[in-house]
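Note: hydrogens, waters and symmetry copies are ignored here, and every other heavy atom, side chains too, is used. Letters A, B, ... are given to chains in the order of the sequence lines, protein chains preceding strands, and every chain is numbered from 1. Model, not experiment: these values are computed from the prediction.
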Amino acid sequence: MLGTGLLQGLRVTARNLVGSFHDPKRFVTTQYPEERTKLPEAYRNFPFLVSESAEDPMGTLRCVACQICEKECPPQCIYIEKSRDKKPDANGKMQIFPAVFDIDTSVCMSCQICVEVCPFDAIEMDQVFELATTNRFEGLLLDKHALAKPNSYFHGIHPTEAAAVDGRLAAARKASEEKARAAAAAKAAPKPAPAAPAAAPAAPGAEAPKPSPPAP
Amino acid sequence: MNAVLALIALATVAAAAAAMAGRNLLHCVLMLAVSWAGVAAFFLWAGAEFVAFAQLLIYLGAISMAVLFAVLLTGRSREDLAADRVPARRALYAVLAAAAVGAVLLAAVAATPLAVVPAPVPSVSVRQLGLLLMGPHCAALLAVGVLLTVALIGAVVLAAGERPEKPGPAP
Amino acid sequence: MSVSEIAPLTPSAGPTVRSVRDELHGDLLEVSMGPHHPSTHGVFRMVATLDGETVTRLKPVFGYLHRNHEKIGENTSYLSSMPYTDRLDYLCSMTNNWAYALAVERLSGQAVPERAEYLRVILAELTRLLNHTCLAGFLLQDSGASGTPLMYAFREREKILDLFESLSGSRMMCNFQRFGGCRTDATPAWLGAAASLADGYGRFLDEFEALLTGNEILMARTQGVGRLPAALAVSAGVTGPVLRASGVDYDLRKVDGYGVYPRFAFRVPLGAHGDVYDRYMVRVLEMRESIRILQEALRGIPGGPVMDPKAKIRGFRAKPGEVYSRIEGPKGEIGFYLISEGGPNPYRYRVRPPSLINLTILEDLCLGHTIADTVVILGSIDIVLGEVDR
Amino acid sequence: MSAPAQDSALERAPVLVRDWLTGFLPGQARWAANSLLDIIAILAVFGLLFAFLTLAERKILGRVQNRPGPNRTGWFGLLQPFADGIKMLTKEDIVPRAADPVLHFLAPVALLAFSILTFAVIPYGRDLVPVDLDAAVLYFFAASSGAELAVFMAGWASHNKYSLLASMRALAQLISYELPLLLSFVPVALATGTLSASGIVAAQSGWKWDLVPRWLVFTPWGAVAFAVFMVSALAESNRSPFDLPEAESELIAGHLTEYSGFKYALFFMAEYFGMCALSGMAVTLFLGGWQAPVAALEFIPSYAWFAAKLLALLLGFIWVRATLPRLRVDQLTRLAWKFLVPVALVNLGTAAFWSLSAPWEGPLQLLRWAVALALAAVPALLLGRGLSGDLGPRTYRYA
């Protein structure tokens with residue numbers, strides 16, 4: 001009969017109206033500034049540069065300015081300038097470091113491609129989304145000082161992923177040390193052997209699952 | 001009491017004059033509605049509430065709408081709405097016609113002996129009005145009823161007949 | 001007289017009510033709805049010529065959201081185009097990703113592990129639920145229900161988006177599929193949450209249908225409105241629920257049988273009248289079928305890797321050749337046509353947008369209806385401007 | 001009615017206050033002061049009711065949609081109406097260059113004036129009738145019919161094709177729903193024998209079998225008339241399933257497109273006043289005005305009962321708005337002409353039969369009820385089926 005459908009609709013809205021007072025399922029909004037919903041661990045927004053230690057972030061940056069992320073970044077929002085001199089990295093090997101590493105967060109779409117293509121796990125995704133600033137240009141152009149955050153912070157926001165990355169790095173470091181020790185041993189043992197064995201071991205930091213990058 | 005009466009009369013006549021002289025046709029229609037409201041005020045002053053409210057309901061509610069629709073649907077575009085200056089010759093004929101009608105009216109009014117003291121205002125309640133309508137004046141009421149029904153049916157036939165059956169999905 | 005010939009609305013002091021002289025019908029009123037109009041789902045403009053209330057001509061104008069997606073696709077590497085596919089139909093990023101990944105996998109002959117196939121089906125069906133729920137909400141919003149069904153739809157959509165966020169890191173811009181599988185694996189906790197969502201969705205649909213399907217006003221507003229004959233649908237290349245609502249049995253999940261769909265028993269609902277009500281009901285019934293697929297897939301998902309171990313991330317080069325692959329997206333057949341010359345980026349990168357192709361029949365549906373119907377008809381075709389304009 | 005209930009202090013409070021304020025004035029001036037007080041009281045009460053009705057509407061709409069509704073301004077959002085008011089006052093009032101300035105300004109003023117006029121005759125309490133006219137209800141409909149003129153003025157004056165289309169629709173809707181509104185009132189006049197509002201309320205006093213109050217809504221024809229009256233009231237005040245003139249999804253803001261600032265607020269104030277007035281009249285005609293539903297509850301003052309019923313009806317308005325989609329113009333007018341008007345006309349017959357068969361006794365009483373219910377229900381069902389034609393839930397086949 002005309003109207004039964006309308007009454008059914010009215011019953012549904014009435015149930016929701018009453019339900020919103022006692023049933024949490026029917027009262028879903030959280031009052032943002034006061035209450036905050038817990039971000040899932042996998043949440044990603046804007047990258048940051050990982051540094052080994054918190055005290056000297058600029059000195060212990062993992063990034064070696066290989067500029068792969070600059071080329072792979074879809075919206076081209078990363079700008080890197082290599083440094084002329086070198087500094088020792090975690091394994092003690094002398095590496096180039098980025099003199100300038102800018103990310104324009106007004107262009108970046110947090111797509112996380114840079115994290116995937118980085119062979120040195122030097123860049124990871126952050127979980128910061130309250131970045132409102134007064135000026136559009138300088139305010140949103142983050143330089144390497146603003147981007148650098150310690151590994152402990154990385155463990156804070158992405159525990160499982162950070163553990164996996166550290167595991168990989170430790171394994172790689174152990175492998176390169178054994179190779180170095182084997183090379184040194186080989187060099188030391190056959191004293192009389194005329195020439196020194198082949199050049200230094202393979203570039204450290206190349207992990208198994210990530211094949212070494214082709215010539216950039 | 002007469003001051004109020006004069007005021008109402010003045011307002012009504014002024015509204016009617018404005019309706020006649022207005023350039024924008026729509027303003028004229030609205031001033032016409034105001035003059036009808038003035039007539040309703042007359043009835044109120046005379047104490048006939050029922051007739052006053054009926055007048056307000058029918059004229060302000062329905063007939064002004066009909067006039068507005070007529071003005072809208074016939075008007076081709078806005079230029080037609082603003083009427084142009086009335087040529088002198090036509091104005092002269094208008095004045096002559098008005099004068100003739102006025103003379104006849106004045107003669108009739110002058111001839112009838114007006115009662116000096118205004119007749120006591122009869123207070124007729126709605127119930128008595130209803131009984132009167134249903135009683136002695138029943139025939140008149142029915143005649144008006146039939147007339148209105150015929151008009152209504154005529155309008156329906158006109159409106160329905162005019163539009164060819166719409167092709168495509170009938171609503 | 002096409003819109004381009006009509007002189008622009010000159011701000012003269014005279015009548016700005018542009019009346020198009022047409023001997024047969026007297027004054028025709030030309031109303032432009034959009035691009036900034038509350039009910040056109042984004043920047044889309046319809047120039048409707050009205051005879052009184054009924055529409056005599058309707059010219060869609062779009063392109064306001066054109067971002068040159070396909071030319072950019074040619075200049076960036078295969079991997080870098082993946083995040084851009086999220087921006088095509090921004091309501092269903094998972095199915096866009098899958099369509100693109102499937103095309104590149106076919107081009108480079110890559111195998112996808114079993115668990116990744118199941119995960120892709122789960123995510124695709126979740127996206128279908130999300131899209132059809134959103135559509136029902138918007139359809140009612142267009143026909144005047146002041147936001148209530150839309151809020152219920154968005155409440156359920158939030159649950160699905162939370163699942164996407166906890167899996168891929170972002171609610172709508174997931175960028176989750178890779179060539180040879182998925183970027184990260186789904187934890188058992190996530191699979192449990194997805195299963196409980198699928199089980200609870202049936203109850204939500206019952207409440208939603210109680211509010212809408214039997215509603216006499218909705219039936220009056222949608223039944224018999226915007227009737228799409230099957231022949232016109234097929235000849236116009238319309239695909240998806242709009243086509244099935246006209247009674248044409250064409251669902252790529254059954255026709256192509258891509259991924260692991262043949263393993264799941266699900267039915268394809270078909271409409272009989274092809275009007276707005278059928279399009280709404282076909283989508284609701286499709287949602288019920290998607291729930292069944294979801295439950296089966298979540299029960300049957302095997303273990304193992306989610307990503308083909310041999311897949312190369314950096315410096316991926318597809319073998320020279322061309323491929324066109326398609327999947328049944330929530331809006332219709334979304335396809336990717338790639339030509340590769342062996343380089344790091346494709347020579348030609350083309351997207352088949354179901355929204356745009358379904359939109360071509362908008363005028364045919366709207367003729368003879370009133371303005372209020374054009375809004376409801378546009379809502380029932382379910383377009384997203386990101387995909388229409390690319 | 002028991003005597004003590006009538007002159008309990010609370011019951012006579014408003015009248016006592018009024019007499020205390022204007023007691024010292026001589027005759028004519030006292031009448032003027034009293035009516036001035038009435039005007040101030042009405043504007044204050046319904047002004048505040050309008051303010052908090054907008055808030056209640058947004059809160060209830062929010063709660064129905066599982067969200068809290070405005071709660072940022074003041075405690076639980078109680079200052080929201082004043083915030084909206086200040087916002088509306090500070091907004092720039094734009095008048096389109098090509099618009100007709102006189103009509104553009106006059107439209108909201110006229111609309112508000114007509115809707116406020118209707119408050120003069122509604123009996124708010126036992127003897128709280130601002131103006132006790134003999135043809136009160138006719139005055140009410142005369143005033144509310146003036147609103148069409150104002151809506152048309154708004155539509156035409158803003159010189160914009162959207163508002164032109166919308167004012168045409170609004171006129172079609174208002175005129176076609178005025179008829180069922182009046183027709184659904186006629187049986188009430190037939191049953192109570194008077195047009196004066198206080199007379200109608202007095203006729204609905206007392207209880208049958210000391211349980212069911214003699215409100216007209218509990219008679220078969222009364223229920224149908226009440227339903228028709230409420231549906232028409234929804235349409236007359238441009239509310240939910242019939243809010244065509246401001247159909248956002250189609251014509252942006254209908255005839256309000258070219259209005260901004262305080263004039264825009266005036267339109268909404270007029271709509272809400274119209275809604276309150278029509279609900280007030282519905283309470284007076286069908287729900288026994290300020291009568292208490294049960295004899296035991298007579299001690300609660302009469303104006304409290306009137307307020308409770310009024311708020312209940314207003315809640316119904318908001319509830320319907322939260323649920324139902326909008327009707328198209330032709331469906332809307334077809335509903336009025338092909339369903340509401342015939343049902344209201346048949347209802348006249350039922351009411352006549354009901355009042356003629358009043359003296360029937362014993363088994364005849366059951367027969368009377370049976371015939372009345374049949375007369376009320378059958379045409380509604382037949383016309384309903386005729387109206388919804390081929391509409392109906394469908395079954396779908398699967399490939």
Side-chain angles (χ1 to χ4, degrees), chain A residues 1-13 15-17 19-20 25-30 37-45 66 68-69 71-76 108-119 125 127 129 158 160-161 164 208-216, chain C residues 72-73 75-77 79-84 86-87 140 145 148-149 151-152 154-156 158-159 162-171 173-176 178 183-184 187 190 200 204 206-220 307 309 311-317 344:
Chain A
M1 200 278 287
L2 189 72
T4 46
L6 305 182
L7 297 180
Q8 238 180 10
L10 287 168
R11 199 159 46 83
V12 166
T13 34
R15 192 180 323 126
N16 271 295
L17 178 70
S20 72
K25 276 209 320 297
R26 296 198 188 278
F27 191 66
V28 289
T29 53
T30 54
T37 50
K38 202 178 81 52
L39 287 177
E41 193 212 326
Y43 176 66
R44 52 176 162 85
N45 205 28
C66 64
I68 289 173
C69 57
K71 275 193 293 306
E72 285 288 334
C73 171
Q76 306 290 320
C108 171
M109 56 182 184
S110 316
C111 64
Q112 182 256 350
I113 294 282
C114 50
V115 174
E116 254 178 275
V117 298
C118 175
M125 291 309 279
Q127 291 194 340
F129 55 88
H158 297 300
T160 47
E161 194 185 342
K210 282 201 171 76
S212 63
Chain C
I72 292 174
N75 298 335
T76 54
S77 65
L79 176 64
S80 297
S81 286
M82 183 58 86
Y84 284 134
D86 297 337
R87 269 84 177 166
L140 271 302
T148 315
M151 283 304 156
Y152 295 158
F154 272 24
R155 178 189 67 200
E156 294 309 311
E158 278 310 310
K159 292 180 187 151
D162 289 345
L163 280 180
F164 285 168
E165 186 173 40
S166 51
L167 182 66
S168 72
S170 165
R171 292 171 63 241
M173 300 296 146
C174 304
N175 179 15
F176 182 67
R178 287 295 174 269
R183 182 158 47 86
T184 55
T187 62
W190 189 86
F204 158 70
D206 300 338
E207 181 187 276
F208 208 56
E209 284 208 67
L211 181 63
L212 304 172
T213 310
N215 194 322
E216 277 82 2
I217 295 183
L218 181 71
M219 283 200 270
M307 187 66 185
K312 275 161 67 87
I313 298 294
R314 284 187 301 279
F316 169 84
R317 290 172 182 273

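Note that CZ of C:R183 and CD of A:E116 are 6.0 Å apart. Values are rounded to the nearest 0.5 Å. Between C:D162 atom CG and A:T37 atom OG1 the span is 8.0 Å, to the nearest 0.5 Å. In this structure, C:E207 CD and A:R11 CZ are separated by 10.0 Å, a value rounded to the nearest 0.5 Å. Distance check, rounded to the nearest 0.5 Å: CE of C:M151 to OG1 of A:T29 gives 10.5 Å.
Under a 3.5 Å cut-off, the side chain of C:E165 and the backbone N or O of A:Y43 do not form any donor-acceptor pair.
When heavy atoms are compared at a cutoff of 4.5 Å, C:Y152 approaches chain A solely by way of its side chain, counted from C-beta outward. Neither the backbone nor the side chain of A:E41 comes within contact range of chain C; no heavy atoms are under 4.5 Å apart. Contact annotation for C:S77: only side-chain heavy atoms (C-beta onward) come within less than 4.5 Å of a heavy atom of chain A. Neither the backbone nor the side chain of C:I72 comes within less than 4.5 Å of any heavy atom of chain A. For A:T13, the parts lying under 4.5 angstrom from a heavy atom of chain C are both the backbone and the side chain. For a residue to count as touching a neighbouring chain, one of its non-hydrogen atoms must lie under 4.5 Å from one of that chain's; by this rule C:S166 touches chain A with backbone and side chain alike. Contacts of C:R87 with chain A are made by side-chain atoms alone, with heavy-atom separations under 4.5 Å and no backbone atom involved. For chain C, the nearby part of A:R15 is the side chain; its heavy atoms alone come within less than 4.5 Å.
Summarising the geometry of A:R44 relative to C:C174, their closest heavy-atom pair is NH2-O, 2.6 Å, with the distance given to 0.1 Å. For the pair A:L6 and C:E216, the tightest heavy-atom approach, listed with the atom from each and the gap, is N-OE1, 3.2 Å. C:P83 approaches A:M109 most closely through the heavy-atom pair CB-CE, 3.5 Å.
Within the 4.5 Å cutoff, the side chain of A:P75 has heavy atoms near those of the C:Y84 side chain.
With respect to chain A, the highest number of heavy-atom pairs below 4.5 Å among C:R171, C:R178, C:M219 belongs to C:R178. Among the candidates C:T76, C:L79, C:T148, the residue making the largest number of heavy-atom pairs closer than 4.5 Å to chain A is C:L79.
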Item to complete: Start with the C-alpha distance between A:C111 and C:M173, add both sets of side-chain angles, then the distance that settles side-chain contact (heavy atoms from CB on, under 4.5 Å), and finish with yes or no.
Response: CA-CA 8 Å; A:C111 64; C:M173 300 296 146; over 6 Å; no
Worksheet item: Checking side-chain contact (heavy atoms from CB on, under 4.5 Å) for the pair C:R155/A:R26: CA distance, chi angles, key distance, verdict?
Response: CA-CA 9 Å; C:R155 178 189 67 200; A:R26 296 198 188 278; 4.0 Å; yes
